[in-house]
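Report on one structure; see the data block that follows.
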Amino acid sequence: MTSVEEQLGSATDAYRRMWSELLPVGRFDASAGYRRHAWTAADAECRTWFAEQAQARGLVYEVDRNGNQWAWYGDPKGEGAIVTGSHLDSVPDGGAYDGPLGVVASFAALDALRERGFTPVRPLAITNFVDEEGARFGVACVGSRLTAGVLTPDQAYALRDASGVRLPDAMAAAGQDPSLIGKDSDRLSRVAAYVELHVEQGRFLATGTAKRGPHAVGVASAIWPHGRWRFDFHGEANHAGTTRLEDRRDPMLTYANTVLAARKKARLHGALATFGKVSVEPNGTNAIASLVRGWLDSRAADEATLTALVEEISVAARERAERDGVRADVVRESYTPVVDFDAPLRDRLAARLGADTPVLPTGAGHDAGILSAVIPTAMLFVRNPTGVSHSPSEYASEADCLAGTAALADVLEDLTCQ
Ligand code: GLV
Ligand code: MN
Ligand code: MN
């Protein structure tokens, strides 16, 4: 038995059991990745699992007005609560760890603390924030954005999935009343801090730095500003076999050139720009497309760079569109400003975990980032040996996940017991 397993006691087994229970849920055999999109059957299975974990531990279970799940150890109406958790939904063909690791670690950390006989003086809650990835309706972190009031009910009601299903209809079909959604200041006013454990989505902890070698667990310092933009390229459908090249208004050409421009401009800015999703109409092999719709995900270390980068990509798209006889429309679908995590909380976590704990920034978005606008938040990252994420090959060793769980338990003990 390792020292971390000793520290966690029977919570080690609880961690393993929970992990193996979730592994088959929403798994897509052909890719071995996960398709746990918000308000689908796979998501419902994850949510049932969460409710069962709460019940098995005698926790007070709640679903808030926005569909986020809460499991309370202590009084849900008590003041100064410490909240931990993450999300259970996934990107298309996502990995097993992004989200679920934080939820499983939270329940296991609570188990370890109870076994240790901890004596909290404030409530502790575990959450599953709904629709973190935005894989189905296009906007990430819908649950935490609504709760924080940075997404309005009207904006949420307007969201549709690829089949045209409206978000409120998907919520209603899953048994969640969409008329209740909106800012939840009352709930957040009783939360003193939110701490989210997450698999690292990069190789900072695996590589280490000259000053600090590789580490199993680190503390987050900041999240890069990031957003999603939809590029609509309207051309003219026509016959692929009979339309002369010079007579075409082919939006696929404009799209392809925009993808290349985005890559080049991101490199020049030292930033990131990704077209990872595209839809084509009519989507026929022997037809020139009438509409190509591409979604740009762009991120940079600071907001000025991000704004300049997206503006340059938009200009390049419009210039090329003009040459191709195509109309280009650019719409910003979501935006998250830079997040600097609460410095006292960050420092408290780092101090608790040891002076050599790495403190690292990330380019990935999280509910902790959204909530940081309204309450103090912090994050713990668990080493990812390859850095791969949003992919079936995402991985973290069990030993590191347990080390993360033990670190979370220590941090929660510190925050709840005084
Ligand atoms: C969420 O994982 C994101 O960074 O898009
Ligand atoms: Mn993710
Ligand atoms: Mn995540």
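Atoms within a ligand are numbered from 1 in the order they appear, just like the ligands themselves. Small disclaimer: the values here were computed from a predicted structure and weren't measured.
With salt bridges taken as basic N to acidic carboxylate O contacts below 4.0 Å, none links Asp75 and Arg122. Using a 4.0 Å cut-off between a side-chain N of Lys or Arg and a carboxylate O of Asp or Glu, Asp131 and Arg136 do not qualify as a salt bridge. The residues Glu333 and Arg230 are annotated as salt-bridged, a charged nitrogen and a carboxylate oxygen being separated by less than 4.0 angstrom.
For the pair Arg36 and Tyr34, the cation-pi criterion (under 6.0 Å, within 45° of the ring axis) is fulfilled. Under the 6.0 Å distance and 45° angle rule, Arg346 does not count as a cation-pi partner of Phe341.
Around the Mn ion (ligand 3), protein atoms of type N, O or S found under 2.8 Å number 3.
Identified under the side chain to side chain donor-acceptor pair (under 3.5 Å) test for residues 369-380, with sequence neighbours left out: none.
Considering Leu371, Ile126, Ile375, Thr127 in turn, Thr127 is the only one that fulfils the side chain to side chain contact (heavy atoms under 4.5 Å, CB included) rule with Val83.
Below 30°, between 30° and 60°, or above 60°: for Phe107 and Trp49 the angle between ring planes is above 60°, a perpendicular geometry.
Within 4.0 Å of ligand 1, contacts by protein heavy atoms are made from Glu133, Arg299, Ala364, Gly365, His390.
Applying the salt bridge (charged side-chain N to carboxylate O under 4.0 Å, His left out) rule to Glu303 yields no partners; only residues at least two apart in sequence or on another chain are considered.
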